[in-house]
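Contents: one structure, followed by commentary.
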Amino acid sequence: WQTNKKTPAIVEFVDIAGLVKGASQGAGLGNKFLGHIRECDAIVHVVRCFEDPNVTHVEGSTDPLRDIDIINSELILADIATMEKRLSSRERKARSGDKEAKAEVALITKLLPHLNEGNPALTLEPQLDDDECKLLHSFQLLSDKKSIFACNVNEDELADAISNPDAHPYVSQVKKYVAEHHNAEAIVISARIEEELIDVSEEESREFLESLGVKDSGVSDLIRAVYHLLGLRTYLTTGIKETRAWTIPAGAKAPQAAGVIHTDFEKGFIKAE
């Protein structure tokens, strides 16, 4: 099919500077960065999984599980402070018979011990009913956001790490740990390769990656994984003027998909071919 214009689906990634230990108490620019995280739909943790004496680490050594725990702890500590403050403001209303306040107090009373044990809010959800899950999401907690972990490896390790991640000492650790503790997925990437590809043509990029024995630097896998993590899907409309990808929630039916293009298409929907 000949088309004059192709418009792809878009996923926006926001680069937020790494948090340091004590960020929840304002260390570094912690509070500012924690605020940025609150505005995002999901979190991609870029985890250092390579050794390089020329690239310093704020903690002095490469230890991806320690790094994950530091970030996770800072998010949880910030959530604990938020929930303790909210609990204190809702308890008085709850005592006066306010139903919404009572529901919040009951949920926060369940949530705080969970957070204090070092568990993210997200892992409490299987123990909650639908109403409690909706209320939990309304709190907009940092540790309630869906996460994915990007294992950043050296360029000469990328091919092996993608084909056999269990053989890479750091990647295998991260994959196992995040599956068990965060119910999350780990993807292999090479930020160094991605940096080198910024200013080259598509053909040169393909040739360079082939010389390394890979199809891409891992970022394509990351984008696809994040898209599905957020429960998003794509459908296409096509014609001579334009072929365009439209983003819809997973499970959306044809009328809702048409409504993404224009609300009138959903209101007056007849059929899709």
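Here the structure is a predicted model, which is why all the values come from computation and not from measurement.
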- Between Glu104 and the options Arg90, Lys134, Arg92, the salt bridge (charged side-chain N to carboxylate O under 4.0 Å, His left out) test singles out Arg90
- Closest contact, heavy atoms only, Val174 versus Cys151: CG1-SG, 3.6 Å
- Task: Locate the shortest heavy-atom distance separating Cys49 from Glu157; write the atom from each residue and the value.
- Result: O-OE1, 4.1 Å
[Y] side chain reached by [X] side chain, heavy atoms, under 4.5 Å:
| X | Y | result |
| --- | --- | --- |
| Gln140 | Lys145 | no |
| Asp79 | Phe139 | no |
| Leu236 | Thr238 | no |
| Lys93 | Val105 | no |
| Thr247 | Tyr235 | no |
| Leu212 | Leu158 | no |
| Glu74 | Ile71 | no |
| Leu75 | Ile43 | yes |

Scan the side chains in residues 184-195 for donor-acceptor partners under 3.5 Å anywhere in the protein, sequence neighbours excluded, and list what turns up.
residue : atom : partner : partner atom : Å
Ser190  : OG   : Val153  : O            : 3.3
Ser190  : OG   : Ile193  : N            : 3.4
Glu194  : OE1  : Ser217  : OG           : 2.3

Could you tell me the separation between the [atom1] atom of [X] and the [atom2] atom of [Y], rounded to the nearest 0.5 Å?
| X | Y | atom1 | atom2 | answer |
| --- | --- | --- | --- | --- |
| Ser143 | Met83 | OG | CE | 9.5 Å |
| Lys102 | Arg95 | NZ | CZ | 12.0 Å |
| Cys40 | Glu12 | SG | CD | 8.5 Å |
| Leu229 | Leu222 | CG | CG | 10.0 Å |
| Asn119 | Ile76 | CG | CD1 | 6.5 Å |
| Ile68 | Ser73 | CD1 | OG | 11.5 Å |

- Message: Using the rule given for side-chain contact (heavy atoms from CB on, under 4.5 Å), can you reason through Lys5 versus Thr243, listing the C-alpha separation, both sets of side-chain angles and the distance that settles it, and then say yes or no?
- Response: CA-CA 6 Å; Lys5 182 180 178 183; Thr243 295; over 6 Å; no
- Task: Evaluate the criterion side-chain contact (heavy atoms from CB on, under 4.5 Å) for residue pair Arg66 and Ser61; output intermediate values, then yes/no.
- Result: CA-CA 10 Å; Arg66 175 205 58 209; Ser61 62; 2.9 Å; yes
- Thr3 and Glu242 side chains, donor-acceptor separation under 3.5 Å: no
- Decide whether His181 and Thr123 meet the rule of one side-chain donor and one side-chain acceptor closer than 3.5 Å. no
Should [X] and [Y] be counted in the same cluster of Ile, Leu, Val, Met, Phe, Trp and Tyr side chains packed under 4.5 Å apart?
| X | Y | answer |
| --- | --- | --- |
| Ile148 | Leu230 | yes |
| Leu128 | Leu87 | yes |
| Ile248 | Leu232 | no |
| Leu135 | Leu122 | no |
| Ile108 | Leu124 | yes |

Assess whether atom [atom1] of [X] is packed by more than 12 heavy atoms of other residues, nucleotides or ligands within 6.0 Å.
| X | atom1 | answer |
| --- | --- | --- |
| Glu180 | CD | yes |
| Asp129 | CG | yes |
| Glu51 | CD | yes |
| Asn183 | CG | no |

Look only at the side chain of [X] and the backbone of [Y], and say whether a donor-acceptor pair between them is shorter than 3.5 Å.
| X | Y | value |
| --- | --- | --- |
| Ser205 | Ser201 | no |
| Thr234 | Ala245 | no |
| His45 | Ala150 | no |
| Asn154 | Asp156 | no |
| Asn116 | Leu112 | yes |
| His168 | Tyr170 | yes |

- Message: For Arg233 and His228: C-alpha separation, side-chain torsions, deciding distance, then whether side-chain contact (heavy atoms from CB on, under 4.5 Å) applies.
- Response: CA-CA 7 Å; Arg233 300 293 183 266; His228 285 269; 3.0 Å; yes
- Contacts of type side chain to side chain donor-acceptor pair (under 3.5 Å), residue Lys110, not counting sequence neighbours: Glu132
Under 3.5 Å, which donor-acceptor pairs do the side chains of residues 249-262 form with other protein atoms, sequence neighbours left out?
residue : atom : partner : partner atom : Å
Gln256  : OE1  : Lys253  : N            : 3.1
His262  : ND1  : Asp264  : N            : 3.0

- Message: In terms of relative ring orientation, are Tyr177 and His182 parallel, tilted or perpendicular, with 30° and 60° separating the classes?
- Response: tilted
- Evaluation steps, side-chain contact (heavy atoms from CB on, under 4.5 Å), between Val44 and Ser147: CA-CA 6 Å; Val44 178; Ser147 297; over 6 Å; no
- Query: Regarding Arg48 and the six-membered ring of Phe50, is the cationic atom NZ or CZ under 6.0 Å from the ring centre and inside 45° of its axis?
  - Reply: yes
- Message: For Asp221 and Arg224: C-alpha separation, side-chain torsions, deciding distance, then whether salt bridge (Lys or Arg N to Asp or Glu O under 4.0 Å) applies.
- Response: CA-CA 5 Å; Asp221 287 340; Arg224 282 190 289 270; 2.7 Å; yes
